Every structure is written in structure tokens, then in C-alpha cells.
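The figures here come from the full heavy-atom set of this structure, side chains too, leaving out hydrogens, waters and symmetry mates. Computed from a predicted structure; not experimentally measured.
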Amino acid sequence: MRPPTTPPSSPVDLLDRCSAIAGLSLGELAELAEVAIPANLQRHKGWPGMLIEKWLGATAGSKPQQDFPELGIELKTIPIDGNFRPLETTYVCFAPLLMQPGITWQTSNVRNKLQQVLWLPVEGDRQIPLAQRRVASGFFWQPDEQQNAILQQDWEELTEQILMGQVESITSRQGIALHIRPKAANGKVLTDALDAEGQRIKTRPRGFYLRKSFTEHILFNAFS
DNA sequence: TGGTGATCATAT
DNA sequence: ATATGATCACCA
């Protein structure tokens with residue numbers, strides 16, 4: 001078995017590719033793909049995600065769009081414990097700190113990315129050697145009405161705060177499903193934002209993340 | 001002990 | 001610096 005060299009032609013094709021790797025370990029997948037296996041993830045935090053991308057035929061590169069643009073599908077690998085509960089929050093996208101005029105939930109990058117997600121849980125307990133961690137079954141998810149409402153509410157609250165020049169007072173404790181945290185290589189990375197007086201300030205870049213409590217429900221519904 | 005804030009690798 | 005892929009790790 002080898003990784004595909006072309007993007008999936010359809011959602012069914014994509015799901016087939018998931019089925020083909022379900023139950024296999026990251027070590028097996030890395031060996032078949034001729035990818036080096038790091039000893040741990042401390043300096044290779046995105047490694048499982050990149051490996052899975054390769055096996056599903058996602059377009060390489062760092063574009064601010066979905067992983068499968070032709071299908072309108074975003075891929076998210078998610079580390080889970082023995083009970084299929086998420087071990088980490090899920091990064092969604094950067095939080096724009098200099099708002100485009102007329103940005104709404106409907107046109108937001110968060111909504112665009114979460115409209116149709118392929119979740120691929122992977123064993124993530126740190127006591128399991130990286131190479132031995134197995135891939136679970138992937139599944140499609142679309143936010144239901146209630147989930148959409150919560151996401152929209154969180155997004156609007158956080159966006160409003162950014163718009164009001166209050167980015168520095170945003171804490172990751174805000175938001176039921178979606179929250180904002182720093183997202184950068186280190187604390188020295190700064191980007192432009194606006195303060196309450198509309199003056200340009202430098203602040204740490206932020207990203208939108210899904211809380212574990214939210215993704216836990218998604219996983220629970222999928223596997224129960 | 002788990003969530004918040006910080007950080008790591010890589011491509012453009 | 002911004003974007004992708006995320007997980008690390010400190011401390012309340």
C-alpha cells in the first residue's frame with residue numbers, strides 16, 4: 001500500500017482512503033510512505049497531521065483554505081485517549097485582528113472551515129510510543145443547528161471584542177465552544193491590531209480553537 | 001491535573 | 001510575518 005498521488009475525487013473516495021488506513025499505526029503509515037518517524041512530538045507537533053494529509057491526498061502547502069477545496073472539506077486529525085476523548089483543543093484558523101469591513105459569521109473563515117469537517121482521531125496518549133499510536137475511523141461532521149448557533153455566538157462575541165479594540169483583554173476562558181489563544185512560534189512574534197482608540201498596536205497573533213468539551217461531543221455522537 | 005498561555009517545524 | 005500542521009508545559 002502506498003499513499004495516493006492525487007486528491008480524492010469525491011467524499012466517498014475520501015472516506016475510502018480513511019478506511020484503508022483505519023487501525024494502522026503511525027509507524028506503519030510512516031514506513032509505507034517513507035517518512036521519517038520522530039522520537040516524539042516535542043519538536044514535531046504537526047507530524048501526525050502531515051502524515052495523515054499525505055495518506056488522504058490533501059494538497060500540500062499552507063493555504064488559508066480547506067484541505068480539500070474541490071470537496072469543500074476540512075481535515076482535522078484529533079488526538080484521543082483510550083475512551084475516545086480529545087486530548088487537545090483543535091486549532092481552526094488565525095483570528096484576524098484588523099477586521100475587513102462587512103465581515104460576518106456567514107463569511108468568516110471559522111465558519112468556512114467548520115462547515116464540513118473530516119475528523120480523523122488518532123491515539124494520543126503520551127505513554128504510547130508515537131510509532132505505535134493507531135489511527136481510528138474517520139467520519140464526516142457538519143455542525144447541527146444548535147452547534148452552529150453556539151459557534152456563531154462565540155465568534156460574534158470574540159469578533160466584537162476585537163472590533164472594539166479590546167483584543168488585549170480577550171482571554172481563552174471566553175467562549176463555550178470556540179475560544180481565542182495565542183498562535184505563534186514564540187512570544188516575540190507580533191502583529192498589528194487596534195486599541196480602543198483606534199490606534200495601531202502590536203500584539204501576539206491569535207488563533208481560534210475548538211474546546212475539548214465541544215469536540216468531545218462530536219466524537220461521542222460519532223462513536224455511540 | 002487540566003486549561004491557559006506558550007511554543008515547535010515548515011512553506012511561502 | 002502569516003499561514004499550515006498542532007502539542008507542549010507551566011502553574012493555579
Quiz prompt | Test of ring centre spacing under 6.0 Å for A:Phe139 and A:Phe223 | solution = yes
Could you check whether [X] gets within reach of a base, just the sugar-phosphate, or nothing at all, counting any heavy atom under 4.0 Å?
X	result
A:Leu190	sugar-phosphate
A:Gln174	nothing
A:Gly46	base
A:Arg211	sugar-phosphate
A:Lys54	nothing
A:Lys188	nothing
A:Pro79	sugar-phosphate

Checking only heavy atoms, does the side chain of [X] share a donor-acceptor pair with the base of [N] at less than 3.5 Å?
X	N	result
A:Arg181	C:dT7	yes
A:Tyr209	C:dA6	yes
A:Lys45	C:dT4	no

Nearest of [options] to any side-chain atom of [X]?
X	options	value
A:Asn186	C:dA6, B:dT7, B:dG5	B:dT7
A:Val189	B:dT4, C:dC8, C:dT2	C:dT2
A:Arg204	B:dA6, C:dA6, B:dC8	B:dA6
A:Pro182	C:dT4, C:dG5, B:dT7	B:dT7

In whole Å, what is the span from the [atom1] atom of [X] to the [atom2] atom of [N]?
X	N	atom1	atom2	result
A:Glu123	C:dT7	CD	P	14 Å
A:Glu216	B:dG2	CD	P	12 Å
A:His179	B:dG3	NE2	P	10 Å
A:Lys183	B:dT4	NZ	C1'	15 Å
A:Met50	C:dA6	CE	C1'	10 Å
A:Asp125	C:dT7	CG	C1'	14 Å
A:Leu97	C:dA1	CG	P	14 Å
A:Phe208	C:dA6	CZ	C1'	18 Å

Practice problem: Using heavy atoms to find the nearest nucleotide of DNA chain C for A:Gln42 and A:Lys76 separately, return the residue whose nucleotide is more 5′. | Solution: A:Lys76
Quiz item: Any idea which heavy atoms bring A:Gly72 and A:Gln116 closest together, and the distance?
Solution: O-CB, 3.4 Å
Practice problem: Looking only at non-hydrogen atoms, find the nearest pair between A:Arg206 and A:Val167 and report the distance. | Solution: NH1-O, 3.5 Å
Does [X] put a side-chain nitrogen or oxygen below 4.0 Å from OP1 or OP2 of [N]?
X	N	result
A:Thr77	C:dA6	yes
A:Tyr91	C:dT4	yes
A:Arg43	B:dT7	no
A:Thr191	C:dA1	no

Quiz item: Is there a donor in the side chain of A:Gln142 and an acceptor in the side chain of A:Gln115, or the other way round, less than 3.5 Å apart?
Solution: no
Quiz item: Hey, are A:Glu34 and A:Arg2 close enough for a salt bridge, meaning a charged N less than 4.0 Å from a carboxylate O?
Solution: yes
Practice problem: Answer yes or no: does atom CD of A:Glu31 have more than 12 heavy-atom neighbours from other residues, nucleotides or ligands under 6.0 Å? | Solution: no
Quiz item: Given that A:Glu88 and A:Ala184 both sit by DNA chain B, which one's nearest nucleotide is further toward the 5' end?
Solution: A:Glu88
Practice problem: Check each of A:Leu114, A:Thr90, A:Val92 against A:Phe208 using the side chain to side chain contact (heavy atoms under 4.5 Å, CB included) test, and report the only one that passes. | Solution: A:Val92
